[in-house]
Amino acid sequence: MVTFLLCLFTWLWYHPDILHPFHDGLSGGIKYLSGLPPDDHYLLGVGKADITGPVVEINMMGYADPKQLGTGLRQRLYCRSFIVGSLENPSDRFVYLVLDTQSGDTAVRYGILSGLQDMGRGYAMYGHDNIAVTGTHSHSGPGAWLNYLLPQITSKGFDQQSYRAIVDGCLLSIRRAHESLQPGTLAVGTTKVQNANINRSLYAYLANPEEERSRYNASAEDDGSVEKDLTMLTFQRASDGKNIGILTWFPTHGTSMLGNNTLISGDNKGVAADLFEKHIRKDSSATEDFVAGFSQANMGDVSPNVLGAWCEDGSGQMCSFENSTCSDGKNSKCHARGPMFRVPDNGASSCFEIGKRQYEAALRLYTRLDRSSARLRGSGGGGSSVKAVHSFHDMSNFTFTLRNGTQARTCPAALGYSFAAGTSDGPGAFGFRQHDSDPSNTSPMWNAVSRMLKDPSESQVACHYPKPILLDVGEVQKPYAWTPNIVDIQLFRVGPLFIIVSPGEATTMAGRRWKEAIAQQSAGLFAKELDDAKPIVVIGGPANSYTHYIATEEEYGIQRYEGASTLYGPHTLEAYIDRSVALLPYLGYGMPPELVREPGPLPPDNSNRSMSFIPGVVYDGKPWGRSHGDVVTDVGKAQYARGETVYAVFVGANPRNNLRLEQTYAAVERRRPEDGTWETERDDSDWGLVFHWSRKNKLLGTSEAVVAWEIEEDAADGVYRLRYFGDAKAVGGEVTAFTGVSSSFRVT
Ligand SMILES: *[C@@H]1O[C@H](CO)[C@@H](O)[C@H](O)[C@H]1NC(C)=O
Ligand SMILES: *[C@@H]1O[C@H](CO)[C@@H](O)[C@H](O)[C@H]1NC(C)=O
Ligand SMILES: *[C@@H]1O[C@H](CO)[C@@H](O)[C@H](O)[C@H]1NC(C)=O
Ligand SMILES: *[C@@H]1O[C@H](CO)[C@@H](O)[C@H](O)[C@H]1NC(C)=O
Ligand SMILES: *[C@@H]1O[C@H](CO)[C@@H](O)[C@H](O)[C@H]1NC(C)=O
Ligand SMILES: *[C@@H]1O[C@H](CO)[C@@H](O)[C@H](O)[C@H]1NC(C)=O
Ligand SMILES: CC(=O)N[C@H]1CO[C@H](CO)[C@@H](O)[C@@H]1O
């Protein structure tokens, strides 16, 4: 009790701003200074900030194709923050971050944690335990920010600019959420999202026991091979009852944008979040800075390309069921189709459609959800109902007891042969193989490091059986670790809601087994606290680090891509379950947050020692007699219809000179009929406004920028113009901002 009061006092000392609801009871009637807050009130905050890194010349993260370099921007990337805290013990809180990135990452997480320490005493309660850095798994963001060597190979190393954009944006996002903290309520609901995901490895899924599959096999449309459920947590502030945000979980890969797309975007989850926020922010029941987080779930074997995998070899055949191969016996021509696959835009139309399907389902649930009956309640009095726990765990040689009593062991990380084959969402683009001495290999990193890989030891081969090892990444530490052997185990809890924060991509069935284990164990452990409520368990990730896949042992036996990418051997999933169940008792209401616990071995932070072969910007030239921002090709017509695309070309400069975070490279401006002034109607956050950049002459340093607006069906009539914001680098290194403007045109 003394500790509790001390904590409360210290916390209030640092947070005088939060005191007023206790004192005056705002219009919402919050006056609980005399008594304890009700058991359904929490301390809530949301925030959002821009994390768009270099949009050109940097390898994109996800498909591991060294040739896929950014050439522009379709939609900015964000870090969205959700803070849930206890009012009784304000240091009991967690921060769930949703990043429009391929995954969470160890270096990024370290950067965020150290940045928070620098932000002052008010941020001292944020640490390893209570921060989850989750990625939406977009495959359309810039790469070169990851901690471990393997993903750096295709990106030619590590890029500080790409890394800092993510870390600094997340810090700003957390600051915004932290500064918005105030009492409020949470409600939880579930709905089904139809036609936004299918199982891309059904052959492996069918290896799971029939009696287990049949529990989820409802109908031909919902055969249980993927989870159709979207779970939503709504955030509502108590002072005026306004909604401040939602956080959802739904599994579908961020691979709607295909491997030949080179425009930066948040893929389908980025679309869903943007549509939701722009719609709800106009509503008076929500705040103007309402934040919608569309977090990823157990999507290891789940594709957004819902029309299935087809051979692009003129045969008109689907890829083989077992191996996803085509008539040539290879995977390279096998491509999954999104709903709008006929539109030749590298997946953009399908991406928008899959994003829209998630957005629409979420919006229906949001509108229908009965906020009072679906409220999350903790216990009043005996401790606090918001809990977080995290520990690092070394998977390289972990012996434990399986739930059926047999001893099992995990092994140092290794990738199997099918890893190199890729999936139907992005077949075999990998530019590297063990023992690959092909000099035409496109990655200079691979040439520098491939000698350091070794042949797996006998015990390593046995431990991973039946996986044939292609890359024995977990047994080499030179020049630094290739993949994580140390993983993050993390759980959050608020009342009956338990959040598993997974560092890998759990498959559909793996995620179910994990969630079920947490539900069963917590029902037993916390029976009194739950008071007959059933535990609600969600899984979010890939988070905190990137540990590739987590397949069930049966799926592992099939060794498709997901099994081949399950890093620590056949018992990987069971080891994750074992370690998270071991942490569960720390989520009891009575557990003091400052409890001393073995945090586990710290993983390395490679952010300052990583190699880089990525050249910087040398300088920006301009054609003779022209200035940066001059129009090269003006808009083609005086009038456009909705559905058409209008564009203009400008004398450009390298966008890496200035990331324009929280700003824009491209804009659509509309003339106000009242006074003729120009107002920004679209910016980089809008899907329909696209910014392309291309180098014209390497020696002269000249480049062009294209601003293109795909005029939406709901665009208003009016007079518009396109604008380009750039920054040019002089030979001496000085960077100067400039802008370009097109002629005006009418939309009717
Ligand atoms: C679902 O059940 C049907 C009918 O028993 C069966 O044919 C099908 O293979 C099952 N699907 C899955 C994914 O388990
Ligand atoms: C799939 O691949 C395995 C291993 O290479 C092979 O044995 C099997 O015949 C293949 N199946 C089909 C249908 O191609
Ligand atoms: C992009 O990739 C898809 C899938 O393979 C293919 O159908 C499409 O033709 C490609 N687009 C271009 C422009 O090459
Ligand atoms: C794994 O650990 C066990 C005991 O903890 C030890 O006997 C064994 O040699 C270790 N194996 C490896 C490959 O390090
Ligand atoms: C327990 O499960 C493991 C992995 O599935 C299996 O190899 C082992 O035979 C099982 N043991 C018993 C006693 O059923
Ligand atoms: C990396 O270098 C920067 C700049 O010198 C420094 O601020 C930071 O603390 C270093 N990080 C690590 C993990 O050493
Ligand atoms: C219910 C569902 O989405 N089933 C799909 C599972 O995956 C196979 C092939 O990937 C599809 O044919 C099914 O329709």
Side-chain angles (χ1 to χ4, degrees), residues 105-119 128 145-148 158-168 171 197-228 251 298 301-303 306 308 321-322 398-411 462-467 480-481 507-514 517 545 550-558 560 562-563 566 568-578 602-612:
D105 175 70
T106 302
V108 167
R109 192 162 187 275
Y110 273 129
I112 293 171
L113 290 174
S114 94
L116 284 168
Q117 294 314 304
D118 295 343
M119 273 155 67
H128 276 299
W145 42 265
L146 289 102
N147 191 50
Y148 292 94
F158 189 86
D159 184 69
Q160 284 291 339
Q161 187 186 40
S162 194
Y163 171 74
R164 288 299 338 165
I166 299 173
V167 171
D168 294 343
L171 287 169
N197 61 0
I198 68 164
N199 192 306
R200 70 179 187 192
S201 262
L202 191 59
Y203 180 64
Y205 177 87
L206 290 175
N208 294 310
E210 151 101 73
E211 66 273 17
E212 184 184 33
R213 281 185 288 113
S214 66
R215 286 168 51 203
Y216 308 99
N217 192 346
S219 62
E221 292 72 45
D222 190 0
D223 65 6
S225 59
V226 294
E227 294 198 312
K228 302 277 179 195
N298 44 333
D301 51 357
V302 185
S303 172
V306 293
F321 184 62
E322 276 177 54
F398 170 54
T399 305
F400 66 110
T401 308
L402 294 173
R403 287 179 289 168
N404 67 9
T406 303
Q407 287 273 302
R409 163 167 119 79
T410 55
C411 3
C463 187
H464 282 274
Y465 183 82
K467 178 203 288 171
Y480 43 92
T507 61
T508 303
M509 199 59 101
R512 281 185 185 134
R513 288 186 194 171
W514 199 346
S545 187
I550 304 171
T552 66
E553 191 185 344
E554 294 85 347
E555 293 160 358
Y556 185 93
I558 301 294
R560 278 175 61 94
E562 297 80 9
T566 294
Y568 313 109
H571 305 299
T572 299
L573 168 65
E574 288 300 320
Y576 277 111
I577 293 177
D578 179 85
L602 285 181
D605 182 348
N606 298 324
S607 56
N608 282 354
R609 69 169 103 138
S610 289
M611 289 190 266
S612 182

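Note that ligands are numbered from 1 as they come in the structure, with each ligand's atoms numbered from 1 the same way.
Distance check for atom 2 (O) of ligand 5: a protein heavy atom is found below 4.0 Å. Atom 9 (O) of ligand 5 is never approached by the protein to below 4.0 angstrom, counting heavy atoms only.
Remark: ligand 1 and Ser225 share no N or O pair separated by less than 3.5 Å (distance only, no angle test). Close N/O approach between Glu553 and ligand 5 is found [any backbone or side-chain N/O within under 3.5 Å]. The shortest N or O to N or O distance between Asn608 and ligand 6 is under 3.5 Å.
In this structure, Trp514 and Ile550 have side chains that are in contact, with non-hydrogen atoms separated by less than 4.5 Å. Residues Pro604 and Tyr480 fail the side-chain proximity criterion, which asks for heavy atoms closer than 4.5 Å. At a threshold of 4.5 Å between non-hydrogen side-chain atoms, the residues Phe400 and Glu574 count as touching. With contacts defined as side-chain heavy-atom distances shorter than 4.5 Å, the pair Thr566/Glu555 does not qualify.
Between the side chains of Glu562 and Ser201, at least one donor N or O sits under 3.5 Å from an acceptor N or O. Asn199 and Asp301 form a side-chain donor-acceptor contact under 3.5 Å, judged by distance and modelled atom types alone.
For the pair Arg560 and Tyr203, the cation-pi test (distance below 6.0 Å, angle within 45°) is failed.
Other residues, nucleotides and ligands place more than 12 heavy atoms under 6.0 Å from the CZ atom of Phe321.
Between Arg513 and Glu554 there is a salt bridge, since at least one side-chain N of the basic residue sits less than 4.0 Å from a carboxylate O of the acidic one.
Each of the following atoms of ligand 5 lies closer than 4.0 Å to a heavy atom of Leu402: 2 (O), 3 (C), 4 (C). Using a 4.0 Å cut-off to heavy atoms of Tyr205, the atoms of ligand 1 that qualify are 13 (C). Which parts of ligand 1 touch Asp223 is read off a 4.0 Å heavy-atom cut-off, strictly below it: atoms 12 (C), 13 (C). Heavy-atom proximity to Asp605, at under 4.0 Å, picks out these atoms of ligand 6: 13 (C).
Scanning the protein for heavy atoms near atom 12 (C) of ligand 5, the closest one is Asn404 ND2, 3.3 Å. With respect to atom 13 (C) of ligand 5, the closest heavy atom belonging to the protein is Thr406 OG1, 3.6 Å. Closest to atom 14 (O) of ligand 1 among all protein heavy atoms lies Arg213 NH1, 2.8 Å. Counting only heavy atoms of the protein, atom 11 (N) of ligand 1 lies nearest to Asn217 ND2, 3.0 Å.
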